[in-house]
Protein chains: 2
Amino acid sequence: MALIESRGYRALTMAALARELRVSPSALYNHVRAKQDLLRWIQDHVNEGIDASGFATEPWDVALERWARSYRDAYARHAPLVPVIAVAPVAGAAHTIAMYERVAAGLQAGGWPAEAVIDVIVAVESFVLASALDATSPPDIFDVGDLAAQAPVFAAAVAARRAADPARAAFDVGLTALLDGLRTRLARLQPAPSGETSSRARGVN
Amino acid sequence: MALIESRGYRALTMAALARELRVSPSALYNHVRAKQDLLRWIQDHVNEGIDASGFATEPWDVALERWARSYRDAYARHAPLVPVIAVAPVAGAAHTIAMYERVAAGLQAGGWPAEAVIDVIVAVESFVLASALDATSPPDIFDVGDLAAQAPVFAAAVAARRAADPARAAFDVGLTALLDGLRTRLARLQPAPSGETSSRARGVN
DNA sequence: ACCTGAACACCGTTCAAGT
DNA sequence: ACCTGAACACCGTTCAAGT
């Protein structure tokens with residue numbers, strides 16, 4: 001059905017979708033209560049393609065990094081869904097729930113206490129989703145224009161930033177820092193494990 | 001002019017604004033090229049209220065934390081602007097540029113190299129904006145409904161999460177980790193300073 | 001159970017015409 | 001320079017009527 005959004009989200013209108021399916025717009029409301037339902041359906045489909053496989057085999061931090069990168073790349077291609085996700089409840093979205101189950105199980109196996117698991121997921125997810133949005137922003141977004149004189153340090157910093165993919169560079173800085181900080185937090189949360197370093201601790205399973 | 005959005009963003013329609021100003025809708029287009037202009041104007045106004053004062057007096061990490069908290073709280077009250085910010089160029093928005101100037105100057109004075117400053121800002125800002133969006137999400141967003149059997153670990157983790165303000169708890173976890181990781185990165189970037197600890201280093205000015 | 005066709009209540013925006 | 005009024009080209013959604 002909705003495999004046909006190859007023409008961007010701005011064109012994803014109920015009338016256009018109906019035309020694609022050679023059906024009248026009102027017919028869609030036999031399969032969907034509102035457009036919001038359709039977007040949640042697409043979201044669940046996108047989430048099915050996110051790589052959460054590492055949580056079954058790798059240390060939690062390695063798996064979390066792989067998941068975060070896969071998550072960001074997926075939503076960089078589906079940026080208009082980002083504001084939807086923030087509000088849409090997860091109930092009924094089977095693939096989405098399956099993804100969260102893998103992440104939660106991996107974190108808990110890695111030593112995170114149950115009451116902290118969701119906070120970690122939400123924190124990483126927040127950073128990931130906004131970074132996906134950032135990846136779609138115009139490259140000249142930080143050009144100060146004729147106000148450069150009032151912001152010399154900022155303008156110079158913008159000019160000094162010449163990475164091939166600035167949005168990815170910022171994502172890398174943030175993700176690395178976030179993971180590093182989470183490792184530190186977990187290490188403080190639990191007594192030092194025997195033998196392994198804390199960043200590689202698998203915990204019980 | 002636009003001090004009158006006390007009735008929420010869903011009601012912020014060109015027609016409603018025109019009615020508020022006792023003017024016809026088409027008259028607005030003498031002051032604004034499109035609705036997007038209006039939203040950027042409001043954004044600049046919101047940014048004026050964000051606390052970036054710490055960068056002139058405090059160590060960079062203390063100032064960054066204060067800025068991030070103030071930033072999140074402001075946009076938790078203006079969540080519909082978040083998707084706009086991600087795309088809207090900064091040019092012409094005087095207060096927004098002034099804010100970035102303070103942040104950039106503070107980071108550079110704290111020892112961050114010019115070419116890394118924007119990446120740090122973008123990373124923190126991404127996390128902040130998505131957390132603001134998250135703060136407006138319904139509290140039952142993670143209820144798995146009738147799929148609980150397929151996601152036992154996740155469902156248990158959701159149940160174990162009983163903070164008074166879950167969104168703020170996740171924000172705290174993420175911000176603390178992010179700042180911690182950034183301190184570590186800066187310490188690795190520069191040779192150990194004399195006398196002070198790296199987290200308190202002010203650098204040159 | 002699923003469709004059509006007409007209609008409704010909106011959107012943002014343009015443009016000729018006025019003062 | 002700034003306004004009005006009418007119009008345009010859309011939106012998502014509802015609902016009676018058909019098969």
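Protein chains get the first letters and strands the later ones, always in sequence-line order, with residue 1 at the start of each.
Both Val23(B) and Ala34(A) lie near DNA chain D, and the one whose nearest nucleotide falls closer to the 5' end is Val23(B).
Residue Arg10(B) contributes atom CZ, which lies 10 Å from atom P of dC11(C) at whole-angstrom precision. The separation between Met14(B) atom CE and dC10(C) atom P is 18 Å, rounded to whole Å. Put simply, CG on Leu38(B) is 15 Å from C1' on dC11(C), counting in whole angstrom units. Atom pair Asp37(B):CG and dG12(C):C1' shows a separation of 13 Å (rounding to whole Å applied). We find that OH of Tyr29(A) is positioned 5 Å from C1' of dT13(D), with the value rounded to whole Å. One interatomic measurement links the two molecules: CZ of Arg19(B) to C1' of dG5(D), which rounds to 17 Å at whole-angstrom precision. As a whole-Å value, the separation of Gln36(B) CD from dC11(C) C1' is 15 Å. Separating the NZ atom of Lys35(B) from the P atom of dC11(C) is a distance of 9 Å, rounded to the nearest angstrom.
Using a 4.0 Å heavy-atom distance criterion, Thr13(A) is classed as a sugar-phosphate-only contact.
Scanning all heavy atoms of the two residues, the minimum distance from Ile97(B) to Val90(B) falls at CD1-O, 3.7 Å.
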Fill in: Paired and unpaired positions of DNA chain D as dot-bracket, Watson-Crick or G-U wobble under 3.5 Å, | denoting a partner strand
||.|||||...|||||.||
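Using a 30° and 60° split on the angle between ring planes, Tyr75(A) and Tyr71(A) fall in the tilted class, from 30° to 60°. Under the 30°/60° scheme for interplanar angles, the aromatic rings of Trp112(B) and Trp60(B) are found to stand perpendicular. Relative ring orientation between His78(A) and Tyr9(A) is described as perpendicular, the plane-to-plane angle rising above 60° on a 0-90° scale split at 30° and 60°. Ring geometry for Phe171(B) against Phe127(B) counts as parallel: the plane angle stays under 30°, on a 0 to 90° scale with 60° as the upper cut.
Listed by chain and residue number, His95(A), Thr96(A) satisfy the side chain to side chain donor-acceptor pair (under 3.5 Å) test with Asp44(A) (two or more places apart in sequence, or in another chain).
For the OP1/OP2 pair of dA1(D) and a distance below 4.0 Å, the side-chain nitrogens and oxygens of His31(B) include no atom meeting the criterion. Side-chain nitrogen and oxygen atoms of Ser26(A) include none within less than 4.0 Å of the OP1 or OP2 phosphate oxygen of dG5(C).
Neither side chain, Ser131(B) nor Arg168(B), offers a donor N or O lying under 3.5 Å from an acceptor on the other.
The listed nucleotides are dG5(D), dG12(C), dC2(D); the one nearest the side chain of Ser24(B) is dG5(D).
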